[in-house]
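Reading through the structure tokens given below for one structure.
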Amino acid sequence: MQRALSVSRDRFADWYQAVVREADMAETSPVRGAMVIKPWGWGVWEQIQGELDRRIKATGHENAYFPLFIPLSFIAKEAEHVEGFAKEMAVVTHHRLKNIDGKLVPDPDAKLEEPLVVRPTSETIIGDAFSRWIKSHRDLPLLINQWANVVRWEMRPRLFLRTTEFLWQEGHTAHATVQDAVEETHRMLEVYRAFSEDVLAMPVIAGEKPENERFPGAVNTYSIEAMMQDGKALQAGTSHFLGTHFAEAQNIKFQNDAGGMDFCNTTSWGVSTRLIGGVIMTHGDDDGLRLPPAIAPRQIVVVPMLRDKPEDAEVLAYCEHLVKALNGLTVFGQPVRALLDIKKIKSAEKRWNWVRKGAPLIVEVGPRDAAGGNVTYMRRDDLRDGDKVKSIVKPRVDFIEGAVQLLAEIQAGMYADAKARLDNNIKRDITSWDGLTAYFGDDEDSFKGWVRVAWGKPTGADLEAIGQKLKTLKLTIRNAPGDQPKEFAACIFSGKPGVEEVLIGRAY
RNA sequence: CGGAGCGUAGCGCAGCCUGGUAGCGCAUCUGGUUUGGGACCAGAGGGUCGUGUGUUCGAAUCACACCGCUCCGACCA
């Protein structure tokens, strides 16, 4: 069968790269690990930003912006934080270049007194501002978000999933009490869960990270974990309760209502352009990308069948009327995004380009449709019947009237499919280390999904040892899901009584 | 940074073993024929064969070094 993509999902890594390229999302750049995000990929990010920003503001947060450069001494203030990020930091040491023997080099006379790091995350520079902004318990809670780029010098970049520079939002909040801060941490985890499921149609499991997977400097880290089509886990968002670690390191204090001085409890939380990688690996198929309508930059693309003949004008006028009517509709609380594609390329090619890009509805209109008052359309979520592409003919009025419903139906269907995959591939009947080894050890490459097992929640060196053991199977503990049962089986690592259930799987 | 593989036209690849001066498919451009759908015919454009050094009368092909990419480790949103 002829597919729109030359690689299929059985070569998942190659397939992923093919989708990113063929859907015209992004490309590599001359700077290793840094990507160029092309208009279609950027359009998806804009939709993600727009909707998530509304939700962040709806929970009481305000946007602000902090510097890209952070004084080295700031990073050094929180011990665990330094250790966690030291190995992947870009450092600015000079502020001028000089031509020496025909070569442009950093001017030795322009060395900075104190080196600046390019932010890998902004706890420290924002904490510094917080220490000046907060005086009284009346200033709390302080709820700030920033949309920014950050840099982490990664060894093995992968477009969208792990790039040296990436885009994200990072929320930073300060609270008077532990309880307030913990509630905030959970509130934002829930915002991420709902956003991922409702908007990205990407089901996730929200839960707490084990101690060894915590954010450097956090008291607790929570994550949402999504299952990709190869069964691997993608950490799609994190929310951290930081306790008073950063407040103590940076002197973020307030005067309480009894007149005494207390340290703030702080939180931070973020999601990044990695979400786009998650959408690709959750919804893509062998014809390319499939975008959930809620984030598709173009939800309905109208392709006129033009033939360089006089009747083209009628077809175009008919299409313009159609697109105008569609753009006047509202779906998911936003105006419908419909496009009339009048590029001067062959219609058949337009169709396949939009298939690869994952536009949810592709409408083709020829002279006969125009004359009969019809449209012919394809659903990207249900593209083929065997080898044949499914084309549906409908009166134009009916299509316009049903368009919002149809987009909602596509969104819901994509979620349901992904949800079924997640639910059906969490294995719950493994009760021992041997069972785990047998399940994951037999074939490295096949689809495994995750397992959910009971454990004794060890800490310190015991946990470290388990981590090492799991590593031999390329496994990690993803999180301890929020919905825990009342009773637990024995710990699969120690055989002692279990106290918690955790998800284990391979991860990106 | 360690292990493996690969760098030949925009993309996918052949040619390399056995050195003789570069080819295929798709894409692109032009002309024509088509037209309810990924069309056909004819022609055309496009390549420092990753970079450098060496061997040789002659290197995409052999040798060495370097660079880059992909996968597997270490690191990670």
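To find a chain, count down the sequence lines: A is the first, B the second, and so on, and within it residues start at 1.
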> A:His81 vs A:Phe246 aromatic rings, parallel, tilted or perpendicular, using cut-offs 30° and 60°?
Replying inline: perpendicular
> So, A:Asn220 versus A:Glu208: side-chain donor-acceptor pair below 3.5 Å or not?
Replying inline: yes
>> For A:Ile342, I'd like to know if atom CD1 has over 12 heavy atoms of other residues, nucleotides or ligands within 6.0 Å.
In response: no
>> Below the 4.0 Å mark, does B:G73 have OP1 or OP2 next to a side-chain nitrogen or oxygen of A:Lys474?
In response: yes
> How far, in whole Å, is B:U28 from B:U56 if one measures between their P atoms?
Replying inline: 48 Å
> Who pairs with A:Trp450 by ring pair (Phe, Tyr, Trp, His ring centres under 6.0 Å), at least two apart in sequence or on another chain?
Replying inline: none
> Which value, in whole Å, describes the distance between the P atoms of nucleotides B:U33 and B:G23?
Replying inline: 32 Å
> Nearest to the side chain of A:Arg21 - B:C71, B:G38, B:C11?
Replying inline: B:C11
>> Between B:U35 and B:C40, how many Å separate the two C1' atoms, rounded to a whole number?
In response: 12 Å
>> Would you measure the distance from the C1' atom in B:A14 across to the matching atom in B:C57 and give it in whole Å?
In response: 29 Å
>> Between B:G31 and B:G15, how many Å separate the two C1' atoms, rounded to a whole number?
In response: 33 Å
>> Holding to ring pair (Phe, Tyr, Trp, His ring centres under 6.0 Å), I want the full list of residues that pass it with A:His186, two or more places apart in sequence or in another chain.
In response: A:Tyr222
>> So A:Ser272, base contact, sugar-phosphate only, or nothing? Heavy-atom distance under 4.0 Å.
In response: base
> Starting at CD of A:Gln17 and ending at P of B:C71, how long is that distance when rounded to a whole Å?
Replying inline: 5 Å
> So, A:Trp168 and B:A77: ring centres less than 5.5 Å apart, planes less than 30° off, yes or no?
Replying inline: no
> Where the side chain of A:Arg351 is defined as all heavy atoms beyond and including C-beta, which of B:A77, B:C71, B:G37 is the nearest nucleotide?
Replying inline: B:G37
> Where the side chain of A:Phe166 is concerned, which of B:G38, B:A77, B:C75 is the nearest nucleotide?
Replying inline: B:A77
>> Heavy atoms within less than 4.0 Å of RNA chain B: which residues of residues 313-321 of chain A have one? Give them sorted by number.
In response: none
>> For B:G7, give the paired nucleotide (Watson-Crick: N1-N3 plus N6-O4 or O6-N4; G-U: N1-O2 and O6-N3; both under 3.5 Å), or none.
In response: B:C67
> Closest to the A:Trp352 side chain: B:G37, B:U70, B:G38?
Replying inline: B:G38
>> Can you tell me which nucleotide in B:G37, B:C76, B:G38 comes closest to the side chain of A:Arg274?
In response: B:C76
>> At 4.0 Å (heavy atoms only), tell me whether A:Thr163 reaches a base, stays on the sugar-phosphate, or touches nothing.
In response: base
> With a 4.5 Å limit on heavy-atom distance, are the side chains of A:Phe195 and A:Ile224 in contact?
Replying inline: no
> A:Arg356 side chain: which of B:G38, B:A77, B:G37 is closest?
Replying inline: B:G38
> Considering residues at least two apart in sequence or located in another chain, which fulfil the ring pair (Phe, Tyr, Trp, His ring centres under 6.0 Å) criterion with A:Tyr377?
Replying inline: A:Phe399
> Paired with B:A74: which nucleotide, if any, by Watson-Crick or G-U wobble criteria at under 3.5 Å for both distances?
Replying inline: none
> If you check the A:Asp369 side chain, which of B:G37, B:C71, B:C11 turns out closest?
Replying inline: B:G37
> Which whole number of Å gives the distance between the C1' atom of B:A63 and that of B:A27?
Replying inline: 37 Å
> Watson-Crick or G-U wobble partner for B:U35, using a 3.5 Å limit on both distances?
Replying inline: none
> Which base sits across from B:C29 as a Watson-Crick or G-U pair, both distances under 3.5 Å?
Replying inline: B:G43
> Is the shortest side-chain N/O distance from A:Lys346 to OP1 or OP2 of B:U28 below 4.0 Å?
Replying inline: no
>> Only pairs with both distances under 3.5 Å count, Watson-Crick or wobble alike; so what is the partner of B:A14 in this structure?
In response: none
>> A:Val150: which residues meet the side-chain contact (heavy atoms from CB on, under 4.5 Å) condition with it, sequence neighbours left out?
In response: A:Arg119, A:Phe166, A:Trp168, A:Glu170
>> Using Watson-Crick or G-U wobble geometry with both distances under 3.5 Å, which nucleotide pairs with B:C57?
In response: B:G20
>> Minimum heavy-atom separation for A:Asp287 and A:Ala4, please, with both atom names.
In response: OD1-N, 2.8 Å
> Which residues satisfy the side-chain contact (heavy atoms from CB on, under 4.5 Å) test with A:Asp341, sequence neighbours excluded?
Replying inline: A:Val301, A:Lys343, A:Lys350, A:Trp354
> NA contact type, A:Leu275, heavy-atom cut-off 4.0 Å: base, sugar-phosphate, or nothing?
Replying inline: nothing
> Taking the same atom, P, in B:C64 and in B:G5, what whole-Å distance lies between them?
Replying inline: 14 Å
> A:Ser391 near the nucleic acid: base, sugar-phosphate alone, or nothing, with a heavy-atom cut-off under 4.0 Å?
Replying inline: nothing
> The side chain of A:Arg158 lies closest to which of these nucleotides: B:A77, B:C71, B:G12?
Replying inline: B:C71
> With rounding to whole Å, what would you report as the distance between B:A4 and B:C76 at their C1' atoms?
Replying inline: 23 Å
> Do A:Arg152 side-chain and B:C76 base share a donor-acceptor contact under 3.5 Å?
Replying inline: no
